[in-house]
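Reckoned from all heavy atoms, side chains included, excluding hydrogens, waters and symmetry mates. As the structure is a computational prediction, the values presented were derived from the model and not from experiment.
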Amino acid sequence: MNELFSVKDKVVVITGGSGVLGACIGEYLALEGAKVVLMGRRKDEGDKIVSEIAAKGGEAIFLTTDVMDTAKVEENCAEILAKYGKVDALLNAAGGNMPGATIAPTGNFFDLKVQEFERVLGLNLTGTVIPTQVFLKPMVEAGKGTIVNFSSMAAFRPMTRVCGYAAAKAGISNFTAFLANEVATKFTPAIRVNAIAPGFFLTNQNRALLTNPDGSLTERGADVIRQTPFKRFGKPEELCGTIQYLISDASTFVTGTVAVVDGGFNAFAM
């Protein structure tokens, strides 16, 4: 049997694990044989996801965390190492947006609330750097590992409205390239750092922005579909194959890249 894409027995840590995308990826990897650690703020939701995974035969646990709190993330890491003895992969899926860091269609740049802009930068960018610092240490000690950050379509080109989120995700793509070089040259090329850039997937955070209560498209949702050659939103499970590729031995010569999963959105041209 070809084991090139195998994730069996890999310990995979997922921040933002109680979100729509993190939970879907976590379940998929668990059913592929990985030992999944979902981390997030919402314990009730996290425990529910873990129970659903267990009912299907997968192995997962949930740890409450705050990706902006180094001490808490270090506590999470210690608990994981005590249970499993290693960390093979880290998926930095935690992130989000805030109203004050966006600009409404009827507003302008002066309406931007700088404090919320800073909070969005922190959650998305610093909230990736902190877990990476913490979980990279056991990878360096083991001499191997993989990190996958979550970038966005907004990192490739400026989009209207999402000022703070776009700035943070552009930072994620840059940080990914920086860290890939840093760990390969100063530690080992057996630790790889990549990112995934999802196109438009309906989540709890963007559903109201892209669709109306009756399920029809908002103006912005229609603009997205118009610029997506596949003419639909992505399904969370459509991220799983790319994630599996990036954390498996199928990508041992791949680092510093941003893998786009977007139905063609980033390739669209008039």
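Side chain of T257 to backbone of A259: no donor-acceptor contact under 3.5 angstrom is found. Without hydrogens or angle criteria, T102 side chain to P99 main chain gives a donor-acceptor distance under 3.5 Å. Although no hydrogens or angles enter the test, the distance criterion places no donor-acceptor pair under 3.5 Å between the side chain of T203 and the main chain of V20. A donor-acceptor pair is defined here as one N or O able to donate and one able to accept, closer than 3.5 Å; such a pair exists between the side chain of N206 and the backbone of F201. Although no hydrogens or angles enter the test, the distance criterion places a donor-acceptor pair under 3.5 Å between the side chain of T255 and the main chain of V193. The backbone N or O of L4 sits nowhere less than 3.5 Å from a side-chain atom of D249 that would complete a donor-acceptor pair. D9 places no side-chain N or O within 3.5 Å of a backbone atom of A34 that could act as its donor or acceptor partner.
In terms of heavy-atom proximity, G100 sits nearest to E116 at N-OE1, 2.6 Å. Residues I191 and G143 share a closest heavy-atom pair of CG1-C, 4.5 Å. For I196 against V258, the heavy-atom pair with the smallest separation is C-CG1, 4.5 Å. Taking all atoms of both residues into account, the shortest heavy-atom contact from V11 to Y84 is CG2-CB, 3.7 Å. A pairwise comparison of heavy atoms in A168 and N124 identifies CB-CB, 3.6 Å as the closest pair. Between G26 and L38, the shortest heavy-atom distance links the atoms CA-CD2, 4.1 Å.
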Legend entry - Stepwise side chain to side chain donor-acceptor pair (under 3.5 Å) check, T218 with N212: CA-CA 6 Å; T218 62; N212 295 306; 5.7 Å; no
Inset, instruction - Tell me, with the steps shown, if V7 and V12 meet side chain to side chain contact (heavy atoms under 4.5 Å, CB included). - result: CA-CA 9 Å; V7 294; V12 181; 5.7 Å; no
Inset, instruction - Evaluate the side chain to side chain contact (heavy atoms under 4.5 Å, CB included) criterion for residues Y245 and V254: first the C-alpha distance (whole Å), next the side-chain angles of each, then the deciding distance (0.1 Å), finally the verdict. - result: CA-CA 10 Å; Y245 162 71; V254 179; 3.2 Å; yes
Inset, instruction - Could you check R157 against N266 for side chain to side chain contact (heavy atoms under 4.5 Å, CB included), going step by step and ending with a plain yes or no? - result: CA-CA 9 Å; R157 49 188 170 176; N266 200 48; 4.0 Å; yes
Inset, instruction - Determine, step by step, whether N92 and T132 satisfy the side chain to side chain donor-acceptor pair (under 3.5 Å) criterion, reporting the C-alpha distance in whole Å, the side-chain angles of both residues, the deciding distance to 0.1 Å, and the verdict. - result: CA-CA 8 Å; N92 282 306; T132 298; 3.0 Å; yes
Inset, instruction - Apply the test side chain to side chain contact (heavy atoms under 4.5 Å, CB included) to residues K113 and F117: give CA-CA distance (whole Å), side-chain angles for both, the deciding distance (0.1 Å), then the verdict. - result: CA-CA 6 Å; K113 292 181 172 58; F117 178 87; over 6 Å; no
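The shortest side-chain heavy-atom distance between M139 and I147 falls under the 4.5 Å cut-off. Between P138 and C77 the shortest side-chain heavy-atom distance falls below 4.5 Å. Residues K86 and D88 are in side-chain contact: their nearest non-hydrogen atoms beyond the backbone lie under 4.5 Å apart. For the pair K35 and K10, the minimum side-chain heavy-atom distance is 4.5 Å or more. Looking at I53 and V36, their side chains never come closer than 4.5 Å, going by heavy atoms from C-beta outward. Between L209 and R161 the shortest side-chain heavy-atom distance falls below 4.5 Å. Contact annotation: the side chain of T65 never approaches that of T15 to less than 4.5 Å [non-hydrogen atoms, C-beta and beyond]. Here the side chains of L81 and F135 are not in contact, with every heavy-atom distance at 4.5 Å or above.
A chain of hydrophobic side-chain contacts below 4.5 Å, direct or via other Ile, Leu, Val, Met, Phe, Trp or Tyr residues, connects L136 to V37. Neither F187 nor I247 shares a network with the other; the hydrophobic side chains, linked directly or stepwise wherever heavy atoms of I, L, V, M, F, W or Y lie under 4.5 Å apart, form separate groups for each. Using a 4.5 Å cut-off between side-chain heavy atoms of Ile, Leu, Val, Met, Phe, Trp and Tyr, with links allowed through other members, I80 and V148 fall into different hydrophobic clusters. F178 and F156 are assigned to two separate hydrophobic clusters, defined by single-linkage of ILVMFWY side chains at heavy-atom distances under 4.5 Å. The hydrophobic clustering, which links ILVMFWY residues whose side-chain heavy atoms are closer than 4.5 Å, places V13 and V50 apart.
For N149 and T176, the side-chain atoms include at least one donor-acceptor pair closer than 3.5 Å. Side-chain contact of S18 with R41: a donor-acceptor pair under 3.5 Å is absent, judged by distance alone.
At most 12 non-hydrogen atoms from other residues, nucleotides or ligands lie less than 6.0 angstrom from CZ of R119. By the 6.0 Å contact criterion, NZ on K186 is open, its count of non-hydrogen atoms from other residues, nucleotides or ligands being 12 or less. Remark: K72 NZ is packed, more than 12 non-hydrogen atoms of other residues, nucleotides or ligands lying under 6.0 Å away.
Rounding to the nearest 0.5 Å places OG of S173 at 12.5 Å from CZ of F150. Atoms OG1 and CG, on T146 and L246 in that order, are 8.0 Å from each other to the nearest 0.5 Å. In this structure, the separation between CG on N76 and CE on M39 is 3.5 Å, given to the nearest 0.5 Å. Within the model, atoms CD1 of I243 and CD1 of I14 stand 8.0 Å from one another, a figure rounded to the nearest 0.5 Å. Rounded to the nearest 0.5 Å, atoms NZ (K43) and CG (L63) are 9.5 Å apart. Here the OG1 atom belonging to T128 is positioned 12.0 Å from the CD atom belonging to Q133, to the nearest 0.5 angstrom.
One finds no salt bridge joining R42 and D44 here, because no Lys/Arg side-chain nitrogen approaches an Asp/Glu carboxylate oxygen to under 4.0 Å. Salt bridge present: E238 and R232 bring a charged side-chain N and a carboxylate O closer than 4.0 Å. Checked for salt-bridge contact, K56 and E27 meet the test: a charged N lies under 4.0 Å from a carboxylate O.
Here the options are F230, F265, F268, the test is ring pair (Phe, Tyr, Trp, His ring centres under 6.0 Å), and the partner is F200; only F265 passes.
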